[in-house]
Enquirer: 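First the structure, then my questions, so here it is.
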Amino acid sequence: FYHMDLYGSKERFDIFTEEPHGQGDRSLEDTREESAPSSKKLQSTQEASYDLGKEVEELAKMYGLDEDREKELEILGGHLGMVESKWLPAHTGKAGSQASLYNVSKSSSPVKDQGQSTKYQGFPSEASQDEDQNKGGADDEAQSHAWSREGLSSCGISDERSSQAVSEEEEAANVFCSTCKIPIRAFDKLFGEHKDHEVAQLPSAVESEKEEIHKNMCKLEEQIAQMESFASHLEEIFITVEENFGRQEQNFEVHYNDAVQVLAQKYEEQVEALGEEKRKKLEALYGQLVSCGEHLDTCKELTDTTQELYLENDKADFMKLDFFFFSPSYDCRLEEFLKKEVDLELSMLPEFEERVIDFSEVEQLMNSINTIPAPCAPVINPQAPNAATGTSLRVCWGLFSDDTVECYQLCYKPVSNERCSEEQAEHMLKVKETYCTITNLLPNTQYEFWVSALNASGISPPSERAVYVTAPSPPTIKTKKIRSCENAALVCWESRDINPVDSYTVELSKLTDEENRDIITESIIGIPNCEALIHLQPTQHYRISVRALNLGGSSERSEPVLIHTTGTYFCLNEDTAHPLLAILDDGFTIACDELENPECDLPVYDNSFTRCIGILGSLIPFPGKHYWEVEAEEDTEYRIGVAFENTPRHGYLGANNSSWCMRHIITPSRHKYEFLHSGMTPDIRITIPPRRIGILLDYENCKLSFFNADIAQHLYTFKSHFQHFVHPCFALETPGILRIHNGIAVP
């Protein structure tokens, strides 16, 4: 009886309040007080066109609660009200009797106004009620017990509708609202407030959320790894700062010691030069002083002599003395002395010349002392995919600091392996950028790189060493081991490198017959071995090439081969050929010129036939039908058919259970044909000797058939279950030639 808009709205939950319920007939807790009077006025809604007050009154009369109301509820305007009362069942289990109490306090009184709005306010029931409160009757009490056992908390509705509403209320959420991001019930999507929202199945939503959580976890793990790497780098920076401080301190000490030493040397040189100048001055002055003394002595001597002559009184003695003193020698001496000029100028001045001290060297030393530290160790990047060729590598690194760098010093050497244990030579390059392309390297070879940064203060510690690898060499396709049929091909190749590669990629191009010969290219990647089974389309022409891949990148394309998917194509396995059997240049014609003792002493391979002059073709590893033809002269004796890989090399084809063959021998009376398996043959007579024999191998139907291809005549069919793939086999019993034709369609 509830209106659908109300039933799917939030107000419904205020009417039907869920309570925890037990299992079986266990007692429920006593009624607890949870309701609070509502103080809000609700606006009238046009959707609710019924009188909710009458329904509440009917429910009160049904359960006899109309007589127990204690308080009046205020009635306000509005057709839609909210009943904010919660009924809690109280169930007490005793031996022989059970009681359940539902307390609902309700009151409604109409107020006459234009809006006819009503408001219902629920009050909690008191613990002590009148006896009339339990006046519901036996049916109501039994129904109350049933509701109590089911853990329902609704009151005032009919039994059937109440059970249905409660079961729907307690129904588990089974869809997910993508708009609100919460799980909801399917009913809420149809009739509730999620009617116009996008929903999804809960399991798919859970998987989607789990996937999103997994992605977030991966992102968090990636960030954790980045932060751990950054923290490790910070630790390296801390260590580098300490090392740079030590180097810078030592640099300062060395430079200042050099400057002090230069200054001391300059001082010693200046003092020594000044002392030399002093010595020269003193020596010159001393010489001048000595000369002056000698001159003074001579002058005094001449003065005394002259004065003595002048003071003589006796004329006779004066004349005698005059004659003595004024002799020619004395006159010359006096005249010479008087003529001699006396140098009264100082030979040396007391002042010393001004000396300019050259501090240019000291200034140069002082200028060389700078605060630019030696750079930190660079961080070399791991090798990027496809950043190498077969002979070159591109190496990148970074410097996670503000250090001044003039250039980088890149060193590398090949990584030593087990085959080459001797120490490899190191190579060094100086570059300006934070990347470098190294050339002239060996293909598919690992190289070890490390880099250091340089500036005026010195060189940084080397970075951690990183291993780079060059791309492989192009593989070589083994054309003689290619096998194909109408819908597949088995391509084999070999690597030209010593070191193993990661994988191979087969690139195939289907050649069309249009004028422009368009090429449709496809690639098969991730091939671990040196062979690939490729599915193709019948009657087409393909050009196939192979690339080798490793961490450094892919090699160049190999030399392409052409494959035609017309019929079955195989080659002859030369390793199985008898020494007397020759394979001609076309690769599909075998001949035997002369028959000596088949068990001759000629050199043979380990896998060669030693008794039967035969050879095996390549294994045919494709299910389905395969056809080829053998052309023989009429007088040639031969054996042709198929055989397992392990067929005995010292026996004859068809003489064991691992080979099936058609044998042609010439008797004096006729051409005899045998179809041998385990040495047994059926009795078959062929009247027309076939010169071109068609062989049809049918794996699925377990048949091996022989035909006279010239006249389209069926000769014989082996019916045998081939447990393994087989090889075509051919043998000559007389000198002759067998021509093998394959790659032809089944007629």
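Because the structure is a prediction, the values reported are computed rather than measured.
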Enquirer: Assess, by modelled atom type and distance only, whether the side chains of Asn656 and Ser659 contain a donor and an acceptor separated by less than 3.5 Å.
Expert: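 Their side chains do contain a donor-acceptor pair, which is all the 3.5 Å distance test asks for.
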Enquirer: Any chance CD of Glu433 has more than 12 other-residue heavy atoms, nucleotides or ligands included, within less than 6.0 Å?
Expert: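 Atom CD in Glu433 is crowded, with more than 12 foreign heavy atoms closer than 6.0 Å.
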Enquirer: Let me confirm one number: the CZ-SG distance from Phe706 to Cys661, rounded to the nearest 0.5 Å.
Expert: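 Here the rounded value is 7.0 Å.
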Enquirer: Do other residues, nucleotides or ligands put more than 12 heavy atoms under 6.0 Å from Ile525 CD1?
Expert: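 It does not: Ile525 CD1 has 12 such atoms or fewer within range.
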Enquirer: Of all the heavy-atom pairs spanning Ala489 and Ile563, show the shortest one and how long it is.
Expert: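 Closest approach of Ala489 to Ile563: CB-CD1, 4.0 Å.
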Enquirer: Is it the case that atom CD in Glu645 sees more than 12 heavy atoms from other parts of the structure closer than 6.0 Å?
Expert: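 Counting neighbours around CD of Glu645, more than 12 heavy atoms of other residues, nucleotides or ligands fall under 6.0 Å, so yes.
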Enquirer: In terms of heavy-atom contacts, does CD of Gln713 have more than 12 from other residues, nucleotides or ligands at under 6.0 Å?
Expert: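 It does: Gln713 CD has more than 12 such atoms within range.
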Enquirer: For a 4.5 angstrom cut-off between non-hydrogen side-chain atoms, does Val642 reach Phe718?
Expert: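 No, too far: nothing below the 4.5 Å cut-off.
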Enquirer: Measure from the side-chain N and O atoms of Glu637 to the backbone N and O of Ile666, and report whether any donor-acceptor pair falls under 3.5 Å.
Expert: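 Judged by distance alone, yes, a pair lies under 3.5 Å.
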Enquirer: When you measure from the side chain of Thr434 to the backbone of Gly398, do you find a donor-acceptor pair of N or O atoms at a distance under 3.5 Å?
Expert: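 A pair under 3.5 Å: no.
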Enquirer: Compare all side-chain heavy atoms of Ile544 with those of Val491 and state whether any distance is below 4.5 angstrom.
Expert: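 Ile544 vs Val491: side chains touch.
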Enquirer: To the nearest 0.5 Å, tell me how far Met662 CE sits from Thr681 OG1.
Expert: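 Answer for the CE-OG1 pair, Met662 versus Thr681, is 10.0 Å.
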Enquirer: Is the Tyr435 to Trp397 ring centre distance short of 6.0 Å?
Expert: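 Not close enough - the centres of the two rings lie 6.0 Å or further apart.
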Enquirer: What I'd like to find out is whether the side chain of Asp698 reaches to under 4.5 Å of the side chain of Leu704, using heavy atoms alone.
Expert: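 When only atoms from C-beta onward are counted, Leu704 and Asp698 do not touch, as no gap falls below 4.5 Å.
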Enquirer: Is a side-chain donor or acceptor of His650 paired with a backbone partner of Thr610 at a separation under 3.5 angstrom?
Expert: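 Looks like no, no N/O pair under 3.5 Å.
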Enquirer: List in chain and number order the residues that pass side-chain contact (heavy atoms from CB on, under 4.5 Å) with Ile684, two or more places apart in sequence or in another chain; answer none if no residue qualifies.
Expert: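 Applying side-chain contact (heavy atoms from CB on, under 4.5 Å) to Ile684 gives Phe675, Pro682, Ile686, Tyr716.
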Enquirer: Show, in sequence, the C-alpha distance, side-chain angles and deciding distance for Phe722 and Trp660, and conclude whether the ring pair (Phe, Tyr, Trp, His ring centres under 6.0 Å) test is met.
Expert: CA-CA 11 Å; Phe722 300 105; Trp660 298 258; 5.0 Å; yes
Enquirer: Apply ring-ring contact (aromatic ring centres under 6.0 Å, His included) to His724 and list each qualifying residue two or more places apart in sequence or on a separate chain.
Expert: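 Checked His724 against ring-ring contact (aromatic ring centres under 6.0 Å, His included); matches are Phe644.
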Enquirer: Residues in side-chain contact (heavy atoms from CB on, under 4.5 Å) with Phe588, at least two apart?
Expert: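 Per chain and number, Phe588 pairs via side-chain contact (heavy atoms from CB on, under 4.5 Å) with Tyr569, Ile740, Asn742.
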Enquirer: Write down the atom of Thr445, the atom of Thr470, and the distance for their closest heavy-atom approach.
Expert: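 Where Thr445 meets Thr470 most closely, the heavy atoms are N-OG1, 2.9 Å.
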Enquirer: Contact between Phe725 and Phe622 at the side-chain level, heavy atoms closer than 4.5 Å - yes or no?
Expert: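 Side chain of Phe725 against side chain of Phe622, heavy atoms only: no contact under 4.5 Å found.
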Enquirer: Do Tyr447 side-chain atoms and Ala466 backbone N/O form a donor-acceptor pair below 3.5 Å?
Expert: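 Flag not set: sc Tyr447 to bb Ala466 has no pair under 3.5 Å.
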Enquirer: Write down the atom of Ser554, the atom of Asn386, and the distance for their closest heavy-atom approach.
Expert: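 Reported closest heavy-atom pair: N-OD1, 4.2 Å.
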Enquirer: Using the side-chain hydrogen bond (donor to acceptor under 3.5 Å, both in side chains) criterion, which residues pair with Glu507? Sequence neighbours excluded.
Expert: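 Expected list: Arg547, Arg557.
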Enquirer: List for me each residue that meets salt bridge (charged side-chain N to carboxylate O under 4.0 Å, His left out) alongside Arg692, sequence neighbours excluded, and say none if there are none.
Expert: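 Listed in chain order: Glu629, Glu631.
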Enquirer: How far apart are the closest heavy atoms of Leu619 and Val726, and which atoms are they?
Expert: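 Shortest heavy-atom contact: CD1-O, 3.5 Å.
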Enquirer: Of all the heavy-atom pairs spanning Ser495 and Tyr504, show the shortest one and how long it is.
Expert: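 In this case the closest contact between Ser495 and Tyr504 is CB-OH, 3.4 Å.
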Enquirer: Could you check if a side-chain atom of Lys719 sits within less than 4.5 angstrom of a side-chain atom of Asn701, using non-hydrogen atoms only?
Expert: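 Sidechains of Asn701 and Lys719: no contact.
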Enquirer: Could you pull out all residues at least two apart from His664 that satisfy ring-ring contact (aromatic ring centres under 6.0 Å, His included)?
Expert: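 His664 satisfies ring-ring contact (aromatic ring centres under 6.0 Å, His included) with Tyr638, His671, Tyr673 once adjacent residues are dropped.
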Enquirer: Quick check for you: to the nearest 0.5 Å, what is the distance between Cys485 atom SG and Leu490 atom CG?
Expert: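 Going from the SG atom of Cys485 to the CG atom of Leu490 covers 10.0 Å.
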Enquirer: Any sub-3.5 Å donor-acceptor pair from Arg639's side-chain atoms to Leu653's backbone N or O?
Expert: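 The answer is yes, because a donor-acceptor pair under 3.5 Å joins these two groups.
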Enquirer: For Ile438, enumerate each residue passing the side-chain contact (heavy atoms from CB on, under 4.5 Å) test, keeping only those at least two apart in sequence or located in another chain.
Expert: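 Applying side-chain contact (heavy atoms from CB on, under 4.5 Å) to Ile438 gives Val395, Leu410, Tyr412, Leu429, Cys436, Leu441, Phe449.
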Enquirer: Which residue is it: Asp497, Asn444, Asp502? I am looking for the one with a side-chain hydrogen bond (donor to acceptor under 3.5 Å, both in side chains) to Asn550.
Expert: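 For Asn550, the side-chain hydrogen bond (donor to acceptor under 3.5 Å, both in side chains) check succeeds only for Asn444.
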Enquirer: So Thr565 and Asn487, do their side chains get closer than 4.5 Å, heavy atoms only?
Expert: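 Asn487 does not reach Thr565 side chain to side chain.
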Enquirer: Compile the donor-acceptor pairs under 3.5 Å between side chains in residues 203-223 and protein atoms, sequence neighbours left out, one pair per line.
Expert:
{"residue": "Ser204", "atom": "OG", "partner": "Gln201", "partner atom": "O", "Å": "2.7"}
{"residue": "Asn216", "atom": "ND2", "partner": "Glu212", "partner atom": "O", "Å": "3.2"}

Enquirer: On the six-membered ring of Phe570, is Arg483 placed so that its NZ or CZ lies under 6.0 angstrom from the centre and within 45° of the ring axis?
Expert: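 No, Arg483 does not lie over the aromatic ring of Phe570.
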Enquirer: Less than 3.5 Å apart, any donor N or O on the side chain of Ser229 or Ser232 sitting next to an acceptor on the other?
Expert: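 No donor-acceptor contact under 3.5 Å links the two side chains.
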Enquirer: So does Thr636 get a backbone contact from the side chain of Thr734, meaning a donor-acceptor N/O pair under 3.5 Å?
Expert: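 Checked: no pair found.
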Enquirer: Under the rule for side-chain hydrogen bond (donor to acceptor under 3.5 Å, both in side chains), what residues qualify as partners of Glu674, not counting sequence neighbours?
Expert: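 Per chain and number, Glu674 pairs via side-chain hydrogen bond (donor to acceptor under 3.5 Å, both in side chains) with Arg663, Lys672.
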Enquirer: Are Cys530 and Glu494 packed together at the side-chain level, in the sense that at least one heavy-atom pair is separated by less than 4.5 angstrom?
Expert: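 The answer is no, as the side chains (C-beta and beyond) never meet within the 4.5 Å cut-off.
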Enquirer: Of the non-hydrogen atoms in Ala731 and Cys612, which two are nearest, and what is the gap between them?
Expert: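 Taking every non-hydrogen atom into account, CB-SG, 3.5 Å.
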Enquirer: Taking the side chain as every heavy atom from C-beta outward, state whether Leu511 and Tyr542 have any atom pair closer than 4.5 Å.
Expert: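 Sidechains of Tyr542 and Leu511: no contact.
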Enquirer: With no hydrogens and no angle check, just 3.5 Å: does a side-chain donor-acceptor pair link His626 and Thr568?
Expert: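 Yes, because at least one side-chain N or O of His626 sits under 3.5 Å from a partner of the opposite role on Thr568.
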Enquirer: Drop me the distance from Gln537's CD to Glu486's CD, to the nearest 0.5 angstrom.
Expert: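 Result: 12.5 Å between the selected atoms.
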Enquirer: With Leu549 as reference, evaluate Ile527, Val501, Thr505 under the side chain to side chain contact (heavy atoms under 4.5 Å, CB included) test and give the passing residue.
Expert: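 With Leu549 as partner, side chain to side chain contact (heavy atoms under 4.5 Å, CB included) holds for just one option, Thr505.
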Enquirer: Does Tyr627 have any ring-ring contact (aromatic ring centres under 6.0 Å, His included) partners at least two apart in sequence or in another chain, and if so, which?
Expert: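 Expected list: none.
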Enquirer: Could you list the residues that satisfy ring-ring contact (aromatic ring centres under 6.0 Å, His included) with Trp450, not counting sequence neighbours?
Expert: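 Per chain and number, Trp450 pairs via ring-ring contact (aromatic ring centres under 6.0 Å, His included) with no residue.
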Enquirer: Say you draw a straight line from OG of Ser658 to NE2 of His727; how long is it, rounded to the nearest 0.5 Å?
Expert: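 Going from the OG atom of Ser658 to the NE2 atom of His727 covers 11.0 Å.
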Enquirer: For Ser558, which residues count as a side-chain contact (heavy atoms from CB on, under 4.5 Å) partner, sequence neighbours excluded?
Expert: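 Ser558 satisfies side-chain contact (heavy atoms from CB on, under 4.5 Å) with Pro475, Ile477, Ser545, Val546 only.
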Enquirer: Quick check against the 3.5 Å criterion: does Thr576 have a side-chain atom that pairs as donor or acceptor with the backbone of Leu616?
Expert: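 Yes; judged by distance alone, with no hydrogens or angles, the pair exists.
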Enquirer: CG of Asp586: more than 12 outside heavy atoms within 6.0 angstrom?
Expert: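 Result for CG/Asp586: enclosed.
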Enquirer: Under 3.5 Å, side chain of Ser705 to main-chain N/O of Thr717, donor-acceptor pair present?
Expert: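 It does not hold such a pair.
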Enquirer: Say you draw a straight line from CG of Asp593 to CG of Leu580; how long is it, rounded to the nearest 0.5 Å?
Expert: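 So the gap between those two atoms works out to 10.0 Å.
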